[in-house]
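Reading through the structure tokens given below for one structure.
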Amino acid sequence: APVSLLSRFRGALVAAVLGDCVGGEFEGAEDVPLDRVLQHLSGLEDETRGDGILQYSDDTAMMRCVAQSLLTRMGFDEQDMARSFAKEYSLAPGRGYGSGVIQVLRKLASPQLSDVFQPARAQFGGRGSFGNGGAMRAAPFALAFRSAADVSRYARFGAMLTHSCSLGYNGAVLQALAVHLSLQGDLALPQKFISKLISEMEEVENDETSRSDAKVLNLAEFPYCARLHRVKELMEQNSVSIEEVISELGNGIAALESVPTAIFCVLHCLEPREGLPERYGGLERTIAYSLALGGDTDTIACMAGAIAGAHYGISAIPQSWLKSCEGAEEAEHLAERLYKLYNIT
Ligand code: 8NA
Ligand code: MG
Ligand code: MG
């Protein structure tokens, strides 16, 4: 049966939370053997397991702020979103935030602050953060705006509240666009999906700031486009090892080293893969595969989860996984409210 748009909305936000919660187990680990991943995931099916619910981290905490702000303001309001981030951080500072972004979140709490983009610009000697913290929370922008141009514009501003380096906010744009295309059903044609993303990012990266940031950071011209071309090449290969994915695309906390990686995870897992259980559907494969890459596992699984969830819909998510993750039900509720907003604007 075709997947309804509402099911895709719910799938996107719930699978993002799932990726964050189940990925936390391996965050920062260099080597994550696939059997450890599968053991961790099958543990979720065991109702008698004693270790309780898996907690979400900064990824989900900030994504909830984005969704809530878009809902209450019925669109993007930088003051409100900034305040929401600051308030969330002050209430629960122990969610595993990046070491740099904490300074921005503290400054955003000041009522005297007039330019809410200023604290982000002061990061890292004025260069701004290129971490994946803008991208990890970008999915709700694709659920709030209909056109690719709006998704792109507001995902960029939303990320700039903490990530003022173009590598940081362009990663958020790419993630939001990937969710946007997935919601439209574009993953049915994977080659076309990646080609569309490349042509969108050619425009996004063709501005002075993006071009000069790439140069200063010693990166290829059009760094996201270059990575997406590598994703395309890996898709065309008969077999791809985990080591190859990590060396070609990365698994780190920089947006450039994790957003294209998350997109690859989704594309790679559209088909059954060796080493992954046959009973797994595509969404379960995507989450499992993302964790097996190691590195920034919670964030890569969160981003891959959002894209995959938008493709497969909510019914692809195992109930036992949903029940094991803090904030999954709340994410479903936020997705339903965003769906209503999407249909009246
Ligand atoms: P951020 O803005 O603090 O960036 C994260 C890190 O990236 C910084 O602490 C720096 O080490 C580095 N960095 C970013 N920009 C620059 C720059 N211009 N020059 C030099 N170094 C730079 O925080 P964020 O929100 O982007 O971080 C997101 C990630 O951190 C997420 O994965 C989140 O889950 C969290 N986190 C990750 C790990 C991990 O081991 N992978 C552990 C704890 C928390
Ligand atoms: Mg995290
Ligand atoms: Mg992380």
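This structure is a prediction, so every number in the text was calculated from the model and none was measured.
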Inset, instruction - Apply side chain to side chain contact (heavy atoms under 4.5 Å, CB included) to the pair H311 and V266, showing each step before the final yes or no. - result: CA-CA 10 Å; H311 176 62; V266 179; 5.8 Å; no

Sequence-distant partners of [X], side-chain hydrogen bond (donor to acceptor under 3.5 Å, both in side chains), two or more places apart:
X: E284; answer: none
X: T60; answer: D20
X: T261; answer: none

For [X], side-chain contact (heavy atoms from CB on, under 4.5 Å) partners two or more places apart:
X: E248; answer: R230, L234
X: K192; answer: L189
X: S241; answer: E243, E244

Please list every donor-acceptor pair under 3.5 Å in which a side-chain atom of residues 149-159 meets a protein atom from a residue at least two apart or in another chain.
from, atom 1, to, atom 2, distance (Å)
D150, OD1, R153, NH1, 2.7

Taking only residues at least two apart or on different chains, which pairs with a member in [range] satisfy side-chain hydrogen bond (donor to acceptor under 3.5 Å, both in side chains)?
range: residues 290-310; value: S57-D298, D59-T299, N132-D296, D296-T299
range: residues 217-226; value: none
range: residues 68-80; value: S69-D80, R73-D77

Inset, instruction - Give a yes or no on whether a salt bridge exists between R10 and E336, defined as a side-chain N under 4.0 angstrom from a carboxylate O. - result: yes

Legend entry - N-O pairing of K196 and E203 below 4.0 Å: no

If you draw a 6.0 Å radius around [atom1] in [X], do more than 12 non-hydrogen atoms from other residues or ligands fall strictly inside?
X: N343; atom1: CG; answer: yes
X: E30; atom1: CD; answer: no
X: Q39; atom1: CD; answer: no

Inset, instruction - Would you please name every residue forming a salt bridge (charged side-chain N to carboxylate O under 4.0 Å, His left out) with E326, sequence neighbours left out? - result: R95

Donor-acceptor contacts under 3.5 Å from residues 168-180 side chains, at least two apart:
from, atom 1, to, atom 2, distance (Å)
N170, ND2, S166, O, 3.4
N170, ND2, S210, OG, 3.1
Q175, NE2, M303, O, 3.2

